[in-house]
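Heads up: the structure comes next, in structure tokens.
Chain letters run A, B, ... following the sequence lines, proteins first, then strands; residues in each count from 1.
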Amino acid sequence: MAFFILRRVGVMALTALCLTFVVFFLTNLYPNLEKLAKTQGNARMTDAEVASWIDRNGYGGPMILRYGEWLGVVPGWLREDPVNGEWRGRCLERGQTPEEAPRYCGLLQGDLGFSTVSDDEVANIIGGRLQLTGILMFWAFAVMVPSALLVGVLAGMKEGSRMDRSLSTLAIGSTATPEYVSGVIFIVLLASSTAGLSPILSELGWIDGRTLFLGSARSAMEDGINFWNFTLPVMTIALYGMGYIARMTRASMAEVMTAQYIRTARLKGVSFRNIVLKHALRNALIAPFTVIMLQFPWLLTGVVIVETLFNYNGFGWTLVQAASNNDIELLLACSIVAVFVVLVTQLISDIGYVFLNPRIRIS
Amino acid sequence: MLPTTNQHLETHPVAEMYADEYKSGQLSRREFLVRSTALGVSAAAAYSMIGLSPALADAHMVTPPMGGSLRIQMEVRALKDPRTYDWSQMANVSRGILEYLVESRADGTFAGVLLEGWEANEDASQYTLRVRQGVKFNNGDDFTAEDVAANFRGWCDATVEGNSMAARMGALVDPETNQAREGGIEVVDDHTVVITYPGSDITLIAGIADYPSAVQYRDLIGTNVLDHGVGTGAYRVTDYEVGVSARLEKNPDHEYWGTAYLDEVVFIDLGQDPAAWFAGAEAGEFDMTYETVGEFVDLFSAIGWTQSEVVTAATVVIRPNQNNAPYDNVMVRKAIQLAVDPQVCLDLGINGQGIVAEHHHVCPIHPEYAELTPLTVDKDAAAAMLAESGHADHVFEIVSIDDDYRRNTTDAVAAQLRDAGFTVERTVIPGSTFWNDWTTYPFSSTNWNHRELGVIVLNLAYRSGVAWNEFGYANPEFDALLDQANGIADADARREIMAQIQQILQDDAVTLQPYWRSLFRHYREGVLNAEMHPKFEVNIHYLGVEA
């Protein structure tokens with residue numbers, strides 16, 4: 001087991017290394033550096049000014065060396081201003097001289113670098129943003145998993161029944177509706193004071209505010225989450241994943257229900273309720289467990305859309321900001337986080353599988 | 001207290017002449033105010049010269065009650081050296097700390113902020129700036145003429161990448177050293193600075209009222225105000241998260257020279273999508289928009305917000321770049337101009353929220369605007385001209401940014417060209433990459449902000465070889481006339497030259513410039529002094545909320 005985990009950590013490091021190199025390579029293509037120069041310098045700089053900016057801010061020179069600087073295996077760049085003799089460099093704070101600053105400052109030294117778009121250290125930004133996304137994901141899971149399992153089990157109990165057909169249609173419908181569609185529909189139906197349900201409810205005097213729910217989750221970040229401001233983003237994410245998990249649970253449940261031991265139990269005269277709860281359920285939940293763990297990486301892409309749509313400044317939103325502004329080091333940090341989340345959830349999934357299914361061994 | 005201008009000139013010989021022109025109907029009130037206040041006459045005196053009550057000058061400003069908090073929806077961008085600001089949003093945040101020497105008001109007048117007043121000599125080559133007394137920086141030091149001179153030297157430093165102030169300083173920058181001209185900036189005493197140009201320059205005051213000209217402490221020129229927070233304004237930044245929000249509060253350790261009303265101002269960034277702003281407004285997340293655009297103007301009004309409109313010289317140009325074939329051929333450009341009806345662009349591009357323009361980038365609200373014979377639109381003639389030029393089978397690719405009104409206007413142009421028989425391809429590029437090559441696309445659209453004088457934008461964008469010349473336009477005759485116009489403070493004389501300049505721009509078919517935009521802003525009931533400004537300025541010192 002220990003060896004297995006160690007090997008997984010090794011794979012994770014290697015994946016992160018490859019992925020960050022790809023991201024680094026793409027964000028360091030000249031047109032992207034030019035974009036960076038223009039967002040950081042002036043949107044309307046001339047080509048000569050762009051070249052000078054790129055060189056002055058340490059984006060010149062071979063790409064592989066700069067990747068090494070980011071990793072922390074190559075000393076950070078240093079440059080003396082020819083006019084006023086001030087030193088600038090990767091590892092230098094404002095006004096520091098090269099002697100005072102460390103030579104290496106990269107990932108290995110625990111320095112995630114500097115976010116150009118936010119004008120702050122990456123480490124200061126990413127933590128808070130991840131926390132916000134964590135809250136959103138927690139609630140999304142809290143809604144999605146129980147409801148998906150319930151729908152899946154109910155549908156799979158009696159394959160082909162009317163309940164199975166209607167719940168399956170529901171599940172397929174929800175998983176076929178991407179977040180950017182369901183989110184917009186939710187906003188129009190439930191969070192507009194001029195369209196959808198809110199004007200009607202407001203006229204009837206059933207709701208106090210102008211809208212049933214808020215179409216923006218911004219207040220959730222400052223004033224704390226409540227039913228009013230967090231329902232729509234959570235529902236938008238949960239609905240998409242719910243259908244998929246429900247389908248998987250149904251398939252697994254339906255399969256278990258046809259197994260020999262279920263028939264035996266039925267012949268023995270065990271009640272249907274007890275068959276489902278005591279005999280079928282545990283075996284039926286093995287497959288959905290993996291699917292649920294797989295939903296974590298899926299949710300990471302889902303939050304990109306939902307956080308942008310609902311103006312919730314979490315990890316997904318940060319990723320969009322970093323990408324659209326070519327913020328190299330913030331993007332790299334986001335990549336590492338993404339790799340970490342994906343591989344850790346897969347590790348948990350594999351280990352959990354062993355406990356759920358004694359027939360499987362991993363080492 | 002709003003900045004007073006009691007030490008301004010009471011009169012000026014040229015201003016007297018303008019007053020006569022106004023009375024004889026040659027100048028509009030707005031034009032008269034722009035020109036006379038630029039010469040150093042106080043707004044009040046200018047109004048009285050033309051027999052109007054000065055109370056009109058700030059009738060739209062009320063004195064708000066003290067205290068309160070206001071949330072403004074606006075992009076929160078990373079701040080940097082103010083000279084390199086490329087978005088008015090940056091200045092709107094830093095304006096709470098870094099004030100300006102002069103401000104331009106929504107009615108076109110200039111008023112002193114950190115200057116008490118200024119005078120121009122007869123040919124507008126020398127300006128005497130009188131520095132406001134009793135102003136302190138929040139580090140305890142007095143604001144003096146030395147600070148003004150240091151800022152001018154900083155603005156003239158053309159070696160700084162992206163320093164757009166250097167272009168605004170014009171001939172004050174020595175082209176040899178790329179620094180301020182020797183003897184151009186002279187500190188006479190603690191409260192007087194004299195700026196001397198080698199020739200006439202009428203754009204100085206407009207230049208130092210523009211948003212990159214924020215005044216910094218003498219030793220901190222070229223720094224980011226977030227790093228030190230030193231300035232003369234009444235506020236300080238407590239939180240600043242790019243793309244999320246910025247919070248300013250009244251600085252309790254600083255004695256502000258004027259009066260600031262609000263205790264707290266929060267700028268909230270809801271991204272670039274107006275639909276998200278609207279959702280935020282419905283959710284009650286802010287009290288005032290920075291700008292309301294397109295169809296959302298009506299939507300915001302529909303949910304009961306107060307609308308504020310200002311007509312400006314902000315515009316969109318859809319221009320061919322003459323460095324690219326076939327746009328080096330004047331007949332092709334002429335054919336494009338003939339095929340496009342500006343009225344259609346106005347209606348389809350911005351819902352008719354503006355007035356029609358004449359493809360020469362000088363607006364009727366500019367003082368030197370000359371009226372030319374109206375343009376004709378003739379699609380058949382356009383097709384014939386295109387055929388004659390030999391480029392009839394060229395595929396015209398028109399690039400635009402992926403944004404509401406610029407994309408729609410460009411689409412309107414493309415549709416009209418297709419109607420006239422051109423083969424047109426449309427390319428839409430996201431805002432994040434569009435600006436990489438904005439000056440070099442063969443045929444693309446660009447938005448230009450309002451500027452106070454007609455010559456300013458011509459100097460910035462149409463003169464041969466300047467950085468922002470996205471037209472690839474190089475015409476020595478035009479340059480010579482523009483030089484001449486830059487040196488004429490007198491209104492009518494300059495208009496004669498401008499008539500020629502505008503005519504040349506039309507004859508050379510340099511660009512399509514179909515309309516002038518009105519700008520809109522919305523605010524909730526109870527927000528005071530939040531009227532839209534032609535240059536998107538928000539001065540949080542003036543804002544207030546009803547108790």
Worksheet entry | Structural part of T439(B) lying under 4.5 Å from a heavy atom of chain A | neither

Worksheet entry | Contact residues of residues 182-190 of chain A (partner chain B; heavy-atom separation under 4.5 angstrom) | none

Worksheet, complete the sentence: Heaviest contributor of heavy-atom pairs below 4.5 Å to chain A, chosen from I303(B), V160(B), D437(B), L299(B), is I303(B)

Item to complete: Could you go through the side chain to side chain donor-acceptor pair (under 3.5 Å) check for T306(B) and H522(B) one step at a time?
Response: CA-CA 5 Å; T306(B) 311; H522(B) 283 85; over 6 Å; no

Practice prompt. Please state whether the side chain, the backbone, both or neither of T318(A) comes within less than 4.5 Å of a heavy atom of chain B.
Written response: neither

Discussion item. So, using side-chain hydrogen bond (donor to acceptor under 3.5 Å, both in side chains) as the criterion, who are the partners of T177(A) when residues are at least two apart?
Written reply: none

Discussion item. So does E241(B) get a backbone contact from the side chain of S245(B), meaning a donor-acceptor N/O pair under 3.5 Å?
Written reply: no

Practice prompt. Evaluate the side-chain proximity of Y523(B) to I72(B): yes if any heavy-atom separation is below 4.5 Å, no if none is.
Written response: no

Worksheet, complete the sentence: Highest number of heavy-atom pairs under 4.5 Å with chain A among L226(B), D273(B), I268(B) belongs to I268(B)

Worksheet item: Given side chains that start at C-beta, do those of D157(B) and M165(B) come closer than 4.5 Å, heavy atoms only?
Response: no

Contacts under 3.5 angstrom, residues 303-317 of chain A side chains, donor-acceptor by atom type, not counting sequence neighbours:
residue : atom : partner : partner atom : Å
E307(A) : OE1  : G314(A) : N            : 3.4
E307(A) : OE1  : F315(A) : N            : 3.3
E307(A) : OE1  : G316(A) : N            : 2.8
E307(A) : OE1  : W317(A) : N            : 2.9
E307(A) : OE2  : T133(A) : OG1          : 2.7
T308(A) : OG1  : V304(A) : O            : 2.6
Y312(A) : OH   : L132(A) : O            : 2.9

Response to the item:
Looking only at D81(B), T440(B), V76(B), D269(B), most heavy-atom pairs under 4.5 Å shared with chain A are made by D269(B)

Worksheet item: To the nearest 0.5 Å, what is the distance between CD1 (I429(B)) and CG (D403(B))?
Response: 13.5 Å

Practice prompt. Name the region of E470(B), side chain, backbone, both or neither, that has any atom closer than 4.5 Å to a heavy atom of chain A.
Written response: neither

Worksheet entry | Which portion of L79(B) sits near chain A, non-hydrogen atoms under 4.5 angstrom | backbone

Worksheet item: Does atom OH of Y30(A) have more than 12 heavy-atom neighbours, drawn from other residues, nucleotides or ligands, at distances under 6.0 Å?
Response: yes

Worksheet entry | Sub-4.5 Å side-chain heavy-atom contact between K35(A) and L29(A) | no

Item to complete: Please determine, among N32(A), L214(A), I125(A), D120(A), the option with the most heavy-atom pairs under 4.5 Å with chain B.
Response: L214(A)

Practice prompt. Return each pair, listed once, that meets salt bridge (charged side-chain N to carboxylate O under 4.0 Å, His left out) where at least one residue sits in residues 25-34 of chain A; pairs must be two or more places apart or across chains.
Written response: E34(A)-K38(A)

